[in-house]
Amino acid sequence: MMYRKFFLALVYAVVSSAASAELLVGGKPPELRLEGDSGGLLDDSAWSSASLIGRVHLLMYVDPDESKLNARVEEMLAAQKYDPTQVGSVGVVNMAATWKPGFAIDMILKSKQEKFPNTIYLRDKAKVFVKQWGLTDDSYHVVALGREGQVLFSAGGKLSDSQITTLVEAIDGEIGR
């Protein structure tokens with residue numbers, strides 16, 4: 001009987017923490033840090049989500065094996081030609097979700113950094129975004145954060161046309177466009 005209560009309490013704790021990790025539109029996600037063995041910027045320095053304040057940020061959390069899943073979303077966002085002083089972009093690679101070697105991914109990221117100098121590229125080596133923000137693992141998750149760090153949009157997997165429209169409208173609404 002005692003083991004059963006312990007087991008039920010354990011299951012409840014796991015389910016509760018997983019559910020509370022989900023990003024809710026209008027809410028503010030908890031501060032998240034990538035540093036050391038958990039990842040960080042391309043130069044191996046630490047990064048904190050606290051830096052995502054002051055302008056709208058698009059965050060793409062990507063399993064390298066699924067990098068083409070939302071190519072249409074990337075094209076639609078590029079076509080919007082957002083002013084980089086109003087809208088920033090962050091590309092996060094879920095390094096723990098792929099079989100591809102780190103050095104190969106690093107080469108691709110460094111090339112992308114040269115091509116898109118206004119985008120911040122991060123490596124998540126320990127699925128920190130999955131564990132702390134509830135982002136979709138082994139897939140492609142798109143998040144838009146407002147100037148104050150509030151969630152404007154969050155969806156994982158291949159985005160539908162209506163989700164893409166909602167994403168663009170959320171960004172436009174936040175920047176007054």
Notebook entry, point to check: What are the two closest non-hydrogen atoms of N94 and K127, and how far apart are they?
Noted result: OD1-CG, 3.6 Å

Margin query: Quick check for you: to the nearest 0.5 Å, what is the distance between D65 atom CG and S67 atom OG?
Written below: 8.0 Å

Check: Can you check side-chain contact (heavy atoms from CB on, under 4.5 Å) on R123 and D106, steps first, answer last?
Finding: CA-CA 9 Å; R123 291 175 292 188; D106 286 349; 3.0 Å; yes

Notebook entry, point to check: Are the side chain of S38 and the backbone N or O of L34 linked by a donor-acceptor pair below 3.5 Å?
Noted result: no

Note to self: Quick check for you: to the nearest 0.5 Å, what is the distance between E148 atom CD and E174 atom CD?
What the structure shows: 8.0 Å

Next item on the list: Grab the two heavy atoms, one from V143 and one from S154, that are nearest each other, plus how far apart they are.
Entry: CG2-OG, 4.0 Å

Note to self: Less than 4.5 Å apart, side chain to side chain, heavy atoms only: is that true for Q163 and V73?
What the structure shows: no

Check: Between A46 and E35, what is the shortest heavy-atom contact and its length?
Finding: CB-CB, 3.6 Å

Check: For V128, does its backbone N or O pair with a side-chain atom of W133 as donor and acceptor, under 3.5 Å?
Finding: no

Next item on the list: Taking the side chain as every heavy atom from C-beta outward, state whether I175 and R55 have any pair of such atoms under 4.5 Å apart.
Entry: no

Checklist line | ring pair (Phe, Tyr, Trp, His ring centres under 6.0 Å), paired with Y61, selected from F129, Y121, Y140 | finding: F129

Notebook entry, point to check: In terms of hydrophobic clusters joined by side-chain contacts under 4.5 Å, are V151 and V90 together?
Noted result: yes

Check: Counting heavy atoms not belonging to K112, are there more than 12 under 6.0 Å from its NZ?
Finding: no

Checklist line | Verdict with reasoning, V62 to L69, per side-chain contact (heavy atoms from CB on, under 4.5 Å) | finding: CA-CA 9 Å; V62 184; L69 187 63; over 6 Å; no

Note to self: If you define the side chain from C-beta out and look only at heavy atoms, does anything of W47 sit under 4.5 Å from L32?
What the structure shows: yes

Next item on the list: Say whether L167 and L152 are linked into one hydrophobic cluster, either directly or through other cluster members, by side-chain heavy-atom distances under 4.5 angstrom.
Entry: yes

Checklist line | I164 and N70, any side-chain heavy atoms less than 4.5 Å apart | finding: no

Next item on the list: Supply the atom-to-atom distance D137 CG to D63 CG, rounded to the nearest 0.5 angstrom.
Entry: 7.5 Å

Margin query: Could you report the tightest heavy-atom contact between L23 and P29, atom names first, then the distance?
Written below: CD2-CB, 3.4 Å

Notebook entry, point to check: If you count the non-hydrogen atoms of other residues, nucleotides and ligands that lie under 6.0 Å from CG in D83, is the total more than 12?
Noted result: yes

Checklist line | L52, V142, I120 screened by side chain to side chain contact (heavy atoms under 4.5 Å, CB included) with L59, the one that passes | finding: L52

Check: Backbone N or O of D161 within a donor-acceptor pair of the T165 side chain at under 3.5 Å?
Finding: yes

Margin query: One pair to check against side-chain contact (heavy atoms from CB on, under 4.5 Å): L77 and I171. What are the steps and the verdict?
Written below: CA-CA 10 Å; L77 291 169; I171 295 166; 4.0 Å; yes

Next item on the list: Using a 4.5 Å cut-off on heavy atoms from C-beta on, say whether the side chain of S89 contacts that of F116.
Entry: no

Note to self: Please determine whether residues V92 and L41 belong to a single hydrophobic cluster, defined as Ile, Leu, Val, Met, Phe, Trp and Tyr linked transitively by side-chain heavy-atom distances below 4.5 Å.
What the structure shows: yes

Check: Would a distance-only check, ignoring hydrogens and angles, find a side-chain to backbone donor-acceptor pair under 3.5 Å from K110 to L42?
Finding: no

Margin query: Under a 3.5 Å distance rule, please check whether R147 uses its side chain to pair with a backbone N or O of I53 as donor and acceptor.
Written below: no

Check: What closest approach, in Å, do A144 and L58 show between heavy atoms, and which atom pair accounts for it?
Finding: CB-CD2, 4.1 Å

Next item on the list: Tell me yes or no: between the side chains of R177 and Q80, is some donor less than 3.5 Å from an acceptor?
Entry: yes

Check: Can you tell me how far CG of L135 sits from CD of E22, rounded to the nearest 0.5 angstrom?
Finding: 10.0 Å

Check: Where do K125 and M95 come nearest, in terms of heavy atoms and distance?
Finding: CA-CB, 4.1 Å

Margin query: In the structure I gave you, are the side-chain heavy atoms of L145 and K28 within less than 4.5 Å of one another anywhere?
Written below: no

Next item on the list: Could you please spell out the steps behind the side-chain contact (heavy atoms from CB on, under 4.5 Å) verdict for F153 and L159?
Entry: CA-CA 12 Å; F153 178 89; L159 271 59; 3.8 Å; yes

